[in-house]
Amino acid sequence: MSTIGKLTLAISITAAAIHAVAAADVDYTKGVLIVNEDWYGHNNSTVNHLDPDNAEGTYWTYRAIQQENPGMQLGCTNQYGAYWLGRLYLIAKQDKDPGASIQGGRITVADARTLKIIKQLPLIDPSGAQCDGRGFLGVTPDKGYISTSNGVWIFDLNTLEVTGMVKGTENPDGPGSGGNTDVGGSLYHGQCGMMVSAEGRVFVAHQSAGLLVVDPETDEVVDVVEMNIVAEKAGIGSVVKSKDGMLWLSVAKDVNGSGAALPYIVKVDPVTLATEVISCADVGAAYGPANSWYAWTPDGFFASELHNVIYWTGGPNSWFSGTRLFRYDIDEGKASLIIDLNEEGLNWKFYGCSVRIHPLTDEIYASVYHGFNDQTYVTRRYTSDGKLIKEYPMIAQYWFPSLPIFPEGPDALSVADVSIDNVAVGTMRYIDGNLYLNGMHSDRVRVYDMNGGMVSEIAVPATGDGIFPLDLPGGMYVVTDGIQSVKIFANFAH
């Protein structure tokens, strides 16, 4: 590179660095976290924090996990992160990158507010058999599920230990014969990927079987939605839940992990398991959702939490043609192409699954890049219908962003532990079908079920006090005023 070229690059990196902030000044309960695969063969995975409305333009905190945990890092190819009741669960494919000097973990549990690591586990299968991480789902306050290349595993959220596999989720080819260093064999066949909760059950995308229906009471598969309803050899890509509670499946052309997609989406009723196959062409989309079993990511397939709308990236060559984003209005039954990066002529592409929608603002955040050999990355912020709001350039690095995740959702804030029903916690308590509020500083209190669905919103009087009838079905709920959150238990008698 010429001297002028080196100087230009240095100026560019310095200018971007000006818009970075020290970790000590960061409020991790706001903004967006971007989980990065990072540079395979060189680095363990990383997490960057974006403060999109920072008044001083100090938008980025780079490598936040390392900054908050000196001497510790994530594992290798960390694709997934999820908040659940005050903690952040980060799932990596392996525990250490070949080029890294620090061992991380396939499972990393961190405090949601501070990103301080609470625990790391190098293995998911305690036996040491091959088992690469995929995703995480909070099931109850005491239990989570971790999907992997070989089955869904039960994670005790009190001891932070893996306690067993969900029966019926295993890889039909077994875990492989080469242990955790084996990158061949059954690793990319019969995997489990995305998971969602609905109507008291958990639904799992299983590469070779279809949509698994899991009873979380018994931790076993009780039913399967097979993908031959679309085509004889079709497979599932991913699963998302729309605002109305329905499930939506993307469709792989086969179960071999080729990445080829079929131009359909499938609607599934989570109660009856009734299905409806929808041709993307019939609703106005040129392509169906892309899938990535061949190098698993959570896929660019997601749903708004504010409107009955789902989104997907797709194109003629599946994952490697991430230049188009489609929006499907479920109520209207119409899809539209809302972003086409090809039209800009700037050679931008969405990187893999790194496109998601904010649960509170309904704004889309997307990581764009030029190519695998180019260290230029930008995070873009769009309206829900694809209008560009702002760009956030980044320092030059092979980030390979995986997933934007949003701390400002219903399960993000710290939740106090409550061991019995009808116990007061702070300024919010639930007794005999009534919610008692005292000394509140917020004008709204929201109640969420353990699937993340809002079941009630209460306007708080100016006095900050009040008693509000809240006849909840039996179970556990999260009550939040946006500042603090507490768990409450409703008796089944209510």
Side-chain angles (χ1 to χ4, degrees), residues 189-196 198 203-213 223-294 296-304 307-340 350 352-353 355 357:
H189 181 265
Q191 311 165 76
C192 289
M194 288 297 289
M195 303 177 288
V196 298
F203 297 82
V204 182
H206 189 287
Q207 184 182 3
S208 58
L211 183 69
L212 306 182
V213 185
D223 215 329
V224 180
V225 178
E226 297 180 354
M227 299 306 291
N228 57 13
I229 58 175
V230 181
E232 182 180 354
K233 297 182 179 181
I236 191 173
S238 186
V239 54
V240 299
K241 182 172 69 173
S242 52
K243 186 177 183 295
D244 62 4
M246 293 294 107
L247 307 180
W248 296 86
L249 315 181
S250 57
V251 185
K253 184 177 181 180
D254 53 46
V255 299
N256 299 323
S258 65
L262 293 180
Y264 298 93
I265 51 176
V266 180
K267 178 181 177 180
V268 181
D269 186 313
V271 177
T272 66
L273 301 186
T275 60
E276 179 184 359
V277 178
I278 298 171
S279 167
C280 293
D282 289 346
V283 297
Y287 302 102
N291 69 86
S292 60
W293 286 117
Y294 56 92
W296 187 85
T297 77
D299 291 346
F301 187 42
F302 54 96
S304 168
H307 301 96
N308 212 26
V309 174
I310 59 175
Y311 297 82
W312 66 82
T313 56
N317 297 309
S318 192
W319 191 81
F320 285 108
S321 60
T323 58
R324 300 171 179 87
L325 182 66
F326 296 91
R327 179 183 190 272
Y328 178 58
D329 187 307
I330 296 167
D331 296 332
E332 293 185 0
K334 294 181 181 179
S336 56
L337 176 63
I338 62 168
I339 300 174
D340 188 350
F350 297 121
C353 63
V355 189
I357 193 164

Check whether any side-chain heavy atom of Pro316 sits under 4.5 Å from a side-chain heavy atom of Tyr287, and report yes or no. yes
Provide the closest heavy-atom pair for Ala261 versus Pro289 in the form atom of the first, atom of the second, distance. CB-O, 3.5 Å
Quick one, Cys192 and Gln207 - any side-chain contact, counting heavy atoms below 4.5 Å? no
Thr297 backbone acceptor or donor facing Ser292 side chain under 3.5 Å: yes
Measure the spacing between CZ of Arg324 and CZ of Phe350 and express it to the nearest 0.5 Å. 11.0 Å
Please report the interatomic distance CE(Met195) to CG(Leu211), rounded to the nearest 0.5 Å. 12.5 Å
Given side chains that start at C-beta, do those of Val266 and Met227 come closer than 4.5 Å, heavy atoms only? yes
Below 4.5 Å, heavy atoms only, C-beta onward: do Trp312 and Ser250 meet side chain to side chain? no
Measure the spacing between NE2 of His307 and CG of Asp329 and express it to the nearest 0.5 Å. 9.5 Å
After noting the C-alpha distance and the side-chain angles of Phe203 and Val268, does the key distance pass the side chain to side chain contact (heavy atoms under 4.5 Å, CB included) rule? CA-CA 11 Å; Phe203 297 82; Val268 181; 5.5 Å; no
With heavy-atom distances below 4.5 Å as the criterion, would you say the side chains of His189 and Ser208 are in contact? yes
Hey, are the side chains of Asp269 and Met246 touching, using non-hydrogen atoms and a 4.5 Å cut-off? yes
Side chains of Lys241 and Leu247: does their closest heavy-atom pair fall under 4.5 Å? yes
Is it true that the side chains of Asp244 and Ser242 contain a donor and an acceptor less than 3.5 Å apart? yes
The reported gap from CD1 in Ile236 to CG in Leu212 (rounded to nearest 0.5 angstrom) is 8.0 Å
Can you tell which of Tyr264, Phe301, Phe302, Trp248 makes a ring pair (Phe, Tyr, Trp, His ring centres under 6.0 Å) with Tyr328? Trp248
Val251 and Ala234 have their tightest heavy-atom pair at CG1-CB, 4.0 Å
So CG of Asp299 and CG of Asn291: to nearest 0.5 Å the spacing works out to 6.0 Å
Go through the steps for Ile330 and Ile310 under the test side chain to side chain contact (heavy atoms under 4.5 Å, CB included), then give the verdict. CA-CA 7 Å; Ile330 296 167; Ile310 59 175; 4.1 Å; yes
Grab the two heavy atoms, one from Ile339 and one from Leu337, that are nearest each other, plus how far apart they are. O-CD1, 3.4 Å
Scanning both residues in full, the closest heavy-atom pair of Ser304 with Ile357 reads CA-CG2, 3.9 Å
First locate atom CD1 of Ile265, then atom OG of Ser238, and finally report the distance between them rounded to the nearest 0.5 Å. 13.0 Å
